[in-house]
Amino acid sequence: MDMARGINEPFDSVPEGSNDDAVSDRPMEIGSDERRMHVRAYNHWVSLLQGRAYPSIEDLDPENIADFGPHSVLLDFTRGVSDPSIRFLGESLREECGFTPSIQTVGEVPSRSLLSRLTDHYLQIIANRAPIGFEAEFVGQRGHNTLYRGILTPFSSDGETIDFIYGVINWKELVDAETQARLNAEVEESRRAAPQQPVAAAVWADGPSAGFDAPEVVEALLYDSTLADLLMVARESAAAARASDTRSRSALYRALSRAYDFARAAETAPDDYKALLSDAGLAAQARAPMTPPVKLVFGANYDKTRLTEFAAVLTYARRQDVPQGGLDAFLEVAEGGIKGVVKAERDHRRPAPKRDVFAQAAQELRSRPPLGHVDIHAGQGEFVVLLARAGKQGLDIVASFEDDTALTERAIRKAAA
């Protein structure tokens, strides 16, 4: 399992639970030069920003980057995100993956090559709108255990749309235990002898700074992509949210925002939406329209309580007419965050308490002026029903029904109507 990490973190053993084939339990230390390749790649990306949301693709010249150019690839998304074309592939990566002229798109990349490991992450760039770092271990095409570390950075042709991604990857093939032990000792000795110079950490899309100072959602992603593309992006964000720990809030906000974007887009593509639901074995729900989109994004087997809460968030956002691409920012400032929004939506759905007709009628009679006064014992109740007959000088009271509560209540309602 690939793990996104900061570019200055040590390259230690692969975490437990990795589902890459034949993962070794032995840590493989990579020297500082190899780790710093990704720092340099990130710093190069920053140097090209020049105050823009994304660097211009015109400013990138991978063929003339002697440092990490041979370890890089440039992906072109101008024809869509489903199968981007490969615009540039460095010499080292060409050799490692057995590149041939027939390989023109990501879909044609050999599955057991390092290049496939890098391109597996490209949708995270679109979902997070910032550089992504990752590292893991796998068995390569030559049957060797290989530890690799990569970074993907977004580029744009118009300053707003992410339509190019530039990736850099470095790797080490594992050696036998004896050689590994000797290398570990040498690296450790070198590390102890070298002065410690802290390197400023980069701001990562999935790091503690996630969600802050990020550019607006890419317009082309919302309006130029197919519904299936948006679903893939939303699922990538949902996977990132499930894998996050201390960064869970911002990651979850992004995932819900991408799910909301998908649900809104589905409103304008009902046929495509129906097909996606059918493929997933789901059906539209008139009384809970946001539940199927949430299941498509997070998985139908995801925790049912959480799915219900997520659907409530999307429903509330739709009712408040939150714009596409704006739900994560909305949740950041919403009182109580997700829980506050869920409560507000549930309060909205809860039926209004029934009006107490009797209490309202009684209050009405209390405020009316009396028609007259009769000097008789009235019992314990506030209201008493009296029966009178017409007399020569007015009304003569002939009976009192102070013990008949039902009759009294009916008379009160009738009198106040």
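Values below: every heavy atom of this structure, side chains too, minus hydrogens, waters and symmetry copies.
Residues meeting the side chain to side chain donor-acceptor pair (under 3.5 Å) test with E345, sequence neighbours left out: R319, R349. Scanning for side chain to side chain donor-acceptor pair (under 3.5 Å) contacts around R94 gives an empty result, with sequence neighbours left out. Qualifying side chain to side chain donor-acceptor pair (under 3.5 Å) partners for T308, counting only residues two or more places apart in sequence or in other chains: none. Applying the side-chain contact (heavy atoms from CB on, under 4.5 Å) rule to S157 yields the partners I57, D163, F164; only residues at least two apart in sequence or on another chain are considered. With sequence neighbours left out, A406 forms a side-chain contact (heavy atoms from CB on, under 4.5 Å) with D404, R410. For A388, the side-chain contact (heavy atoms from CB on, under 4.5 Å) partners are L395, I397, not counting sequence neighbours. For F68, the ring pair (Phe, Tyr, Trp, His ring centres under 6.0 Å) partners at least two apart in sequence or on another chain are H44. Listed by chain and residue number, nothing satisfies the side chain to side chain donor-acceptor pair (under 3.5 Å) test with R346 (two or more places apart in sequence, or in another chain). For the ring pair (Phe, Tyr, Trp, His ring centres under 6.0 Å) test, residues two or more places apart in sequence or in another chain that qualify with F77 are Y122. Listed by chain and number, the residues in a salt bridge (charged side-chain N to carboxylate O under 4.0 Å, His left out) with D279 amount to none (sequence neighbours excluded).
Around CZ of R52, the count of heavy atoms belonging to other residues, nucleotides or ligands within 6.0 Å exceeds 12.
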Derivation of the side-chain contact (heavy atoms from CB on, under 4.5 Å) call for V294 and R306
CA-CA 10 Å; V294 166; R306 298 291 278 166; over 6 Å; no
As a quick check of understanding, evaluate side-chain contact (heavy atoms from CB on, under 4.5 Å) for F330 and V341, giving each step before the final call.
CA-CA 10 Å; F330 176 84; V341 170; 4.3 Å; yes
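The distance from atom CG of D303 to atom CG of N301, rounded to the nearest 0.5 Å, is 11.0 Å. The CD1 atom of I338 sits 4.0 Å away from the CG atom of L252 when rounded to the nearest 0.5 Å. Between the CZ atom in F401 and the CG atom in L387 there is a gap of 5.0 Å [rounded to 0.5 Å]. Separation of atoms OG (S72) and CD1 (I169) is listed at 11.0 Å; rounding is to 0.5 Å. Here NZ of K339 is found 5.5 Å from CD of E309. Values are rounded to the nearest 0.5 Å. With values rounded to the nearest 0.5 angstrom, Y148 atom OH is found 13.0 Å from N170 atom CG.
Counting only heavy atoms from C-beta outward, the side chains of V297 and F310 never approach each other to under 4.5 Å. Within the 4.5 Å cutoff, side-chain heavy atoms of W171 are placed close to those of H71. You'll find the side chain of L48 stays beyond 4.5 Å of the side chain of Y166, heavy atoms only. I86 has its side chain out of reach of D76: every pair of non-hydrogen atoms, C-beta onward, lies at least 4.5 Å apart. Counting only heavy atoms from C-beta outward, the side chains of P154 and P131 approach each other to under 4.5 Å. Looking at heavy atoms from C-beta onward, V342 lies in side-chain contact with V313 at the 4.5 angstrom threshold. The side-chain heavy atoms of L331 and L327, taken from C-beta on, include a pair separated by under 4.5 Å. Taking the side chain as every heavy atom from C-beta outward, L256 and F298 approach each other to under 4.5 Å.
Minimum heavy-atom separation, Y54 to R129: OH-CB, 3.8 Å. Looking at every heavy atom in both residues, G167 comes nearest to L152 through CA-CD2, 3.5 Å. Heavy-atom minimum distance, L282 versus P292: CD1-O, 4.0 Å. Between L230 and A265 the shortest heavy-atom distance is CD1-CB, 3.4 Å. In terms of heavy-atom proximity, L314 sits nearest to A263 at CD2-CB, 4.4 Å. In terms of heavy-atom proximity, L75 sits nearest to P84 at CB-CB, 4.4 Å.
Distance alone, capped at 3.5 Å, is enough to place a donor-acceptor pair between the T315 side chain and the A311 backbone. The backbone N or O of A275 sits nowhere less than 3.5 Å from a side-chain atom of S278 that would complete a donor-acceptor pair. In this structure, E108 contributes its side chain and Q104 its backbone to a donor-acceptor pair below 3.5 Å. One N or O on the side chain of D261 and one on the backbone of G325 form a donor-acceptor pair closer than 3.5 Å.
None of L49, L60, T153 except one satisfies the side-chain contact (heavy atoms from CB on, under 4.5 Å) rule with P55; the exception is L49.
For residues 263-272, the pairs satisfying side chain to side chain donor-acceptor pair (under 3.5 Å) are Y260-R264, E267-R318, with sequence neighbours left out.
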Cut-off 3.5 Å, no hydrogens considered: what does the side-chain donor-acceptor table look like for residues 284-291, sequence neighbours left out?
none

